[in-house]
Amino acid sequence: MKKIMSLLIAVCILFGTFSIVAFAEEQVVLNVYNWGEYIEQSTIDMFEEKYPNIDVNYTTFDSNESMYSKIVSGAALYDIVIPSEYMVSKLIQEDMLAELDFSNIPNYKYIGEAYKNLASDPENKYSVPYFWGTVVVIYNSAFVAEEDVKDESLELLWNEKYAGKILMFDNPRDSFGISLTRLGYSMNSGNDKEWQEAAKALSEQKPIVQAYVMDAIFDKMEAGEAWIAPYYAGDALIIQETNPDIKFFIPKEGTNLFVDSMCILKTTEHKKEAELFINFMCEPEIGAMNAETVGYATPNTESQKILDPEITGNELVYPDEEYLKNNTEVFINLPQKTQMLQSTLWTDLKIISAEEGSEASAIDPIDAFCIIVIVAGGIAAVYFFIRNTKRKKLWKQ
């Protein structure tokens, strides 16, 4: 009996040992969903080296709206998402985010107090700030006259002189935010009339807009295919590195101040690993490396100390607190009624009306006559072919 018990104990110990080894070696795939051009790739490599049992599957989106649609559709499962503040608020309201265990994120202490207790997450339960920045107007100084940019106004985006060379955001929140600001209204307006005025202004701008884009702005602006566009300050720096003629300014009318944050979806099966990733990205050296490559302003106070003073001293990327207080506005999660209005107005703007379509398709009368003749001839040829075929069949019979 003792021998049997000893054998059973040995087997249990051996099985337990194998289980521990198997658990230790189990590979976890961490799905991270982030904006395009928004991370230093080597930081992911370094994370995987530090945690060899975690593989990062990194994919990108180009707007908060497309990210939200993908998550809601269930087309793909993600562990970590990095939305902007108004989308963080929306995800919290819809109970889609997991509360963070900050014992696994000790580096949160390096996040500046100015980026905590935000309206989107007032109790700091669901998000850790990743980067922040402003929307700027980018232009190609080789083609855009200095006299047209000296007042640093949003009017440049409506300047007919540059018709066909202007780009616009391909998402409603940013585009309407610009239009509302240009009209002197709040980006978070709850007034239907103001939204309708903003939509009218965008429709008036539409004929001179080359395209509504997101990440495609990089190729278009770098190659000189487009000359003017609103976009995010950090990306403007990246475009400028490729094309030295690129310049940008913060519009005098005011602009959007955004804070993008790392969040964990409630559906995750790897919450602890996701928190380890967030903590890793908050390490001062990693944060500085990431900020230097990406070009956006880091909320990590220790990372700022490591960065070159020329970077943190760039007022277009790190505007002073007084300017931010008086000239920027943070997007909030709009009431459902306003969201529906925004969606309707945006759809109307993007769909070509019947009247616009007829004008766009207008052709020379002679060309129209030639097309009619060709089509009529083709129909006649088909008719006679079918008729002759039937006659041959009857003749054979």
Side-chain angles (χ1 to χ4, degrees), residues 30 32 34-35 37-51 54 56 58 79-85 88 97 99-134 232-238 241 257-264 271-325 328 330:
L30 195 63
V32 179
N34 196 4
W35 295 79
E37 307 287 343
Y38 215 34
I39 199 167
E40 164 56 52
Q41 178 59 45
S42 64
T43 61
I44 295 178
D45 299 334
M46 294 168 70
F47 174 79
E48 291 177 330
E49 288 177 9
K50 183 172 183 177
Y51 301 99
I54 304 176
V56 176
Y58 184 86
D79 300 296
I80 296 174
V81 292
I82 306 181
S84 301
E85 65 296 312
V88 170
L97 298 183
E99 284 196 35
L100 301 176
D101 180 355
F102 284 92
S103 66
N104 293 324
I105 315 174
N107 289 331
Y108 180 68
K109 64 186 177 183
Y110 298 127
I111 301 299
E113 293 302 315
Y115 310 100
K116 295 179 180 179
N117 306 109
L118 300 175
S120 56
D121 184 10
E123 297 182 49
N124 304 309
K125 289 183 177 181
Y126 304 93
S127 60
V128 173
Y130 179 65
F131 280 123
W132 64 274
T134 58
Y232 313 116
D235 290 324
L237 283 176
I238 294 174
E241 288 179 1
L257 170 65
F258 59 85
V259 179
D260 297 331
S261 297
M262 296 177 281
C263 305
I264 299 176
K271 186 168 181 287
K272 184 176 180 180
E273 289 82 359
E275 288 166 344
L276 290 176
F277 182 85
I278 292 174
N279 187 63
F280 182 81
M281 297 308 296
C282 290
E283 288 186 12
E285 294 78 9
I286 298 300
M289 182 189 305
N290 202 22
E292 186 172 6
T293 298
V294 172
Y296 282 88
T298 175
N300 191 312
T301 54
E302 291 302 306
S303 295
Q304 288 183 24
K305 295 175 182 178
I306 298 172
L307 288 168
D308 189 320
E310 287 189 10
I311 295 175
T312 54
N314 186 337
E315 294 184 356
L316 289 172
V317 180
Y318 289 87
D320 61 50
E321 290 185 13
E322 183 177 352
Y323 179 88
L324 293 174
K325 181 179 179 180
T328 64
V330 176

### Query
Would you say the ring centroid of Tyr130 lies under 6.0 angstrom from that of Tyr38?
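Between Tyr38 and Tyr130, which both carry aromatic rings, the centre distance is below 6.0 Å.
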
#### Entry: Validation row, ring centre Phe131 to ring centre Phe258 under 6.0 Å
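Ring centroids of Phe131 and Phe258 are no less than 6.0 Å from each other.
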
Separation of [Y] [atom2] from [X] [atom1] (nearest 0.5 Å):
{"X": "Ile44", "Y": "Phe280", "atom1": "CD1", "atom2": "CZ", "result": "10.0 Å"}
{"X": "Glu273", "Y": "Ile264", "atom1": "CD", "atom2": "CD1", "result": "10.0 Å"}
{"X": "Tyr318", "Y": "Gln304", "atom1": "OH", "atom2": "CD", "result": "5.0 Å"}
{"X": "Ser303", "Y": "Asn107", "atom1": "OG", "atom2": "CG", "result": "9.0 Å"}
{"X": "Asp79", "Y": "Phe277", "atom1": "CG", "atom2": "CZ", "result": "10.5 Å"}
{"X": "Thr43", "Y": "Met281", "atom1": "OG1", "atom2": "CE", "result": "4.0 Å"}

Measure across [X] and [Y] and return the closest heavy-atom pair with its distance rounded to 0.1 Å.
{"X": "Asp260", "Y": "Ile82", "answer": "CB-CG2, 4.1 Å"}
{"X": "Ala291", "Y": "Leu307", "answer": "CB-CD1, 4.0 Å"}
{"X": "Asn117", "Y": "Asn124", "answer": "N-OD1, 2.7 Å"}
{"X": "Tyr126", "Y": "Glu99", "answer": "CE2-CG, 3.5 Å"}
{"X": "Thr134", "Y": "Pro319", "answer": "CG2-CG, 4.4 Å"}
{"X": "Ser120", "Y": "Pro122", "answer": "C-CD, 3.8 Å"}

Is a side-chain donor or acceptor of [X] paired with a backbone partner of [Y] at a separation under 3.5 angstrom?
{"X": "Glu275", "Y": "Asp101", "value": "yes"}
{"X": "Asn104", "Y": "Lys272", "value": "no"}
{"X": "Glu85", "Y": "Val259", "value": "yes"}

Does the side chain of [Y] come within less than 4.5 Å of [X]'s, by heavy atoms?
{"X": "Glu283", "Y": "Lys50", "value": "yes"}
{"X": "Ser261", "Y": "Val128", "value": "no"}
{"X": "Cys263", "Y": "Ile80", "value": "no"}
{"X": "Asn34", "Y": "Val81", "value": "no"}

### Query
Should we say atom CD of Glu302 is surrounded by more than 12 heavy atoms from elsewhere, each under 6.0 Å from it?
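Enclosed.
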
Between [X] and [Y], do the side chains contain an N or O donor and an N or O acceptor separated by less than 3.5 Å?
{"X": "Ser127", "Y": "Asp121", "answer": "yes"}
{"X": "Glu40", "Y": "Thr293", "answer": "yes"}
{"X": "Asn300", "Y": "Thr298", "answer": "no"}
{"X": "Trp132", "Y": "Tyr296", "answer": "no"}

### Query
What's the verdict on salt bridge (charged side-chain N to carboxylate O under 4.0 Å, His left out) for Glu321 and Lys325, showing C-alpha distance, side-chain angles and the deciding distance?
CA-CA 6 Å; Glu321 290 185 13; Lys325 181 179 179 180; over 6 Å; no

### Query
Going through the checks in order, is the side chain to side chain contact (heavy atoms under 4.5 Å, CB included) test met by Asp235 and Glu37?
CA-CA 8 Å; Asp235 290 324; Glu37 307 287 343; 4.2 Å; yes

### Full working for side chain to side chain contact (heavy atoms under 4.5 Å, CB included) between Cys282 and Lys109
CA-CA 9 Å; Cys282 290; Lys109 64 186 177 183; over 6 Å; no

### Task
In sequence, state the C-alpha distance, the side-chain angles, and the governing distance for Leu257 and Leu324, and then conclude on side chain to side chain contact (heavy atoms under 4.5 Å, CB included).
CA-CA 8 Å; Leu257 170 65; Leu324 293 174; 4.1 Å; yes

### Query
Any Lys/Arg nitrogen of Glu113 or Lys116 sitting under 4.0 Å from an Asp/Glu carboxylate oxygen of the other?
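So Glu113 pairs with Lys116 through a salt bridge.
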
